[in-house]
Visitor: 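First the structure, then my questions, so here it is.
Being a predicted model, the structure only gives us computed values, none of them experimental. Indexing begins at 1, ligand by ligand and atom by atom, following the structure's order.
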Amino acid sequence: MRWNSGLACVAALLGLANGDVFKDPDTGFSFSQQNLQITTGTSYITIRIAIPSPATAGQPYDAVLQIVAPVAAGWVGLAWGGSMTNNPLLLGWLNGASGVTSVRRAASHTAPAVTADATAQVLAKGTKSNGTHWQVTAKCTGCTSFTTTGTTKKTLNPAGTNRLAFAYSKTKPSQPASGTSPINVHDLFSYWDHDFAAAGNAQFQDLVDRNL
Ligand code: HEM
Ligand SMILES: *[C@@H]1O[C@H](CO)[C@@H](O)[C@H](O)[C@H]1NC(C)=O
C-alpha cells in the first residue's frame, strides 16, 4: 500500500502501533493487532486476532477475529491464506446492532462463493458500534488450517508470523441480515505479516464461551 511510508509516526502518535497486543476490556481476549490505512489521513481498519495458547504447530486451532472499521466500510474480509484465491475468506459487517459473518472461497478473481469449509460465529459481547466505527468479533473454526489448491494443506504458524490479506468495500451487502448475501467487489485490498506469536490466550475456550 503506497500510503505506508511516513505513516508509522502518525500511527505511533495515535497509539496505533502494529504488532501490539490489545487487551480487549469487552471480551477479555488478548489480540495481536494490525492497523490498515484505508484513506490518506487517519482512517484505519484494525484487524485483531486471538488464538489458543498453547497451540500445536501443524494442527488446526480456532481463532477469534475482531474487525474495527469506520462506519463508511460496508464489509471487511480477511483472507487467512494471504491472497484472494484458494483460502478461507472471513467477512464481517454490521447489520443494525448485530454483527454478521460469512465464510467464502474463490478459485479466481470473481465473487467468492459461500463455503462450509470453515464456520464462523459472532461473539456478541465483542460486537458494537458508535458514531464513527463498528466492530464485529467472531470465532472461526477452520480458518487456520485449510486446503489451498488440490490436496495441499496449509496450517498457519501459531508461534510466528503469517502472511494475511484484507479487503473492504464501501458498499454494504445488499441483504445485510444474511450471511449469504451477495457482496460488491472491494474498494481496497492489502497484505501484511501478522504476528500470531503475540496472539495467544491461555483461557481461549473459556473466553469464547463467555462471549457467545
Ligand atoms: C464480489 C466479490 C469480489 C470480486 C468481484 C473480487 C474481484 C477481484 C479482482 C478482479 C481482483 C484483481 C484486482 C487487481 O488485480 O487489481 C481481486 C483481487 C483481490 N481480492 Fe477480490 N474480489 C471479491 C471479493 C474479495 C474478498 C471477499 C476478499 C477478501 C476477504 C478479496 C481479496 C482480494 C485480494 C487480497 C486481492 C489481491 C490479489 C490476490 O491476493 O489474489 N476479494 N479481487
Ligand atoms: C467508537 O468505536 C470504536 C470501535 O469500538 C472505538 O475504537 C472508538 O474508540 C469509539 N469512539 C468513541 C468516540 O467512543
Side-chain angles (χ1 to χ4, degrees), residues 1-2 11 14-17 20 22-29 31 33-36 38 42-49 63 65-94 97-115 117-118 120 122-138 140 142-143 146 148-149 154 162-176 178-194 211:
M1 205 159 64
R2 75 177 194 269
L14 294 169
L16 291 171
D20 272 3
F22 175 76
K23 287 198 189 295
D24 181 11
D26 297 332
T27 63
F29 284 103
F31 290 99
Q33 75 171 11
Q34 180 80 16
N35 298 294
L36 301 145
I38 58 168
T42 56
S43 190
Y44 293 84
I45 286 173
T46 300
I47 296 288
R48 297 179 174 139
I49 293 174
L65 169 66
Q66 183 168 80
I67 300 164
V68 183
V71 286
W75 62 260
V76 174
L78 178 67
W80 293 84
S83 69
M84 178 166 163
T85 55
N86 304 316
N87 71 116
L89 309 173
L90 178 53
L91 278 71
W93 61 86
L94 195 75
S98 307
V100 180
T101 57
S102 178
V103 186
R104 307 202 179 192
R105 189 171 166 113
S108 64
H109 286 149
T110 54
V114 172
T115 175
D117 289 1
V122 172
L123 302 185
K125 288 181 185 155
T127 299
K128 60 182 184 180
S129 65
N130 57 30
T132 63
H133 290 79
W134 55 261
Q135 174 181 311
V136 171
T137 306
C140 184
C143 282
F146 45 87
T148 54
T149 48
K154 179 169 183 174
N162 295 289
R163 189 81 171 155
L164 303 180
F166 96 110
Y168 95 101
S169 171
K170 294 175 194 166
T171 309
K172 180 95 66 188
S174 53
Q175 297 155 24
S178 167
T180 60
S181 174
I183 56 165
N184 271 61
V185 65
H186 29 75
D187 292 297
L188 182 76
F189 57 76
S190 72
Y191 311 93
W192 73 99
D193 295 312
H194 199 100
N211 281 286

Visitor: Between Gln66 and Thr46, is there a side-chain heavy-atom distance shorter than 4.5 Å?
Guide: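 A side-chain contact under 4.5 Å is absent here.
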Visitor: Tell me: protein heavy atom nearest atom 11 (N) of ligand 2, and distance?
Guide: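 Scanning the protein heavy atoms, the shortest distance from atom 11 (N) of ligand 2 goes to Asn130 ND2, 2.9 Å.
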Visitor: Hey, which atoms in ligand 2 end up nearer than 4.0 Å to a heavy atom of Val68?
Guide: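 Here the atoms of ligand 2 in question are 4 (C).
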Visitor: Look at atom 28 (C) of ligand 1 and say which protein heavy atom is nearest, naming residue and atom and giving the distance to 0.1 Å.
Guide: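 Its nearest protein heavy-atom neighbour is Ala167 CB, 3.8 Å.
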Visitor: Strictly inside 4.0 angstrom of atom 20 (N) of ligand 1, do you find any protein heavy atom?
Guide: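 Under the 4.0 Å cut-off, atom 20 (N) of ligand 1 does have protein heavy-atom neighbours.
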Visitor: Quick check: does any side chain N or O of Trp75 sit under 3.5 Å from a backbone N or O of Asn184, one acting as donor and the other as acceptor?
Guide: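 It does hold such a pair.
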Visitor: Does any non-hydrogen side-chain atom of Asp117 lie less than 4.5 Å from one of Arg105?
Guide: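 Answer yes - side chains close enough.
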Visitor: Could you see which bit of Leu78 sits under 4.0 Å from ligand 1, with heavy atoms only: side chain, backbone, both or neither?
Guide: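 Backbone only.
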Visitor: Any N or O of His186 that comes nearer than 3.5 Å to an N or O of ligand 1?
Guide: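 Between His186 and ligand 1, an N or O pair is found under 3.5 Å apart.
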Visitor: Between Asn130 (side chain) and Thr132 (backbone), is there a donor-acceptor pair under 3.5 Å?
Guide: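 Yes: the side chain of Asn130 pairs with the backbone of Thr132.
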Visitor: From atom 32 (C) of ligand 1, work out which of His109, Met84, Arg105 has a heavy atom at the shortest distance.
Guide: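 Residue with the shortest heavy-atom distance to the ligand atom: Met84.
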Visitor: For Arg104 and ligand 1, answer yes if some heavy atom of the residue is under 4.0 Å from a ligand atom, otherwise no.
Guide: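 It does not, in that no heavy atom of Arg104 comes within the 4.0 Å cut-off of ligand 1.
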Visitor: Which option, Tyr191, Phe189, Trp75, owns the non-hydrogen atom nearest atom 38 (C) of ligand 1?
Guide: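 Comparing heavy atoms across Tyr191, Phe189, Trp75, the nearest one to atom 38 (C) of ligand 1 lies in Tyr191.
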Visitor: With a 3.5 Å distance limit and no angle check, can you tell me whether Ser83 reaches the backbone of Ala79 through a side-chain donor-acceptor pair?
Guide: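 Checking the backbone N and O of Ala79 against the side chain of Ser83, no donor-acceptor pair under 3.5 Å is found.
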Visitor: Does Ser129 use its side chain to pair, donor to acceptor, with the backbone of Trp134 at less than 3.5 Å?
Guide: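 No, because the side chain of Ser129 does not come within donor-acceptor range (under 3.5 Å) of the backbone of Trp134.
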Visitor: In terms of atom number and element, which parts of ligand 1 are under 4.0 angstrom from non-hydrogen atoms of Leu91?
Guide: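 Near Leu91, the atoms of ligand 1 are 27 (C).
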Visitor: CD of Gln135 to OG1 of Thr27: how many Å apart, nearest 0.5 Å?
Guide: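 Taking CD in Gln135 and OG1 in Thr27, the distance rounds to 8.0 Å.
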Visitor: Counting only heavy atoms closer than 4.0 Å, does ligand 1 sit against the backbone of Ala165, its side chain, both, or neither?
Guide: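 It is the side chain that gets close, since no backbone atom is under 4.0 Å.
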Visitor: Between Ser102 and Arg104, do the side chains contain an N or O donor and an N or O acceptor separated by less than 3.5 Å?
Guide: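 Side-chain D/A pair, Ser102 to Arg104: present.
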Visitor: List ligand 2 atoms under 4.0 Å from Lys128, heavy atoms only on the residue side.
Guide: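 Result: 5 (O).
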Visitor: Sort and list the pairs that fulfil salt bridge (charged side-chain N to carboxylate O under 4.0 Å, His left out) and have at least one residue in residues 122-138, not counting sequence neighbours.
Guide: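 Sorted result for residues 122-138: Asp26-Lys128.
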Visitor: Distance to 0.1 Å, residue and atom name: give those for the protein heavy atom nearest to atom 2 (C) of ligand 1.
Guide: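 Answer, as residue, atom name and distance: Pro112 CD, 3.4 Å.
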Visitor: Which residue holds the protein heavy atom closest to atom 4 (C) of ligand 1, what is that atom called, and what is the gap in Å?
Guide: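 Here the closest protein heavy atom is Val185 CG2, 3.5 Å.
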Visitor: Report the nearest protein non-hydrogen atom to atom 5 (O) of ligand 2: residue, atom name, distance rounded to 0.1 Å.
Guide: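 Scanning the protein heavy atoms, the shortest distance from atom 5 (O) of ligand 2 goes to Gln135 OE1, 2.9 Å.
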Visitor: Considering only heavy atoms of Gly77, which atoms of ligand 1 have at least one such atom less than 4.0 Å away?
Guide: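 That gives atoms 30 (C) of ligand 1.
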Visitor: Any side-chain heavy-atom pair from Asp187 and Ile38 closer than 4.5 angstrom?
Guide: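 With C-beta onward as the side chain, the pair stays apart.
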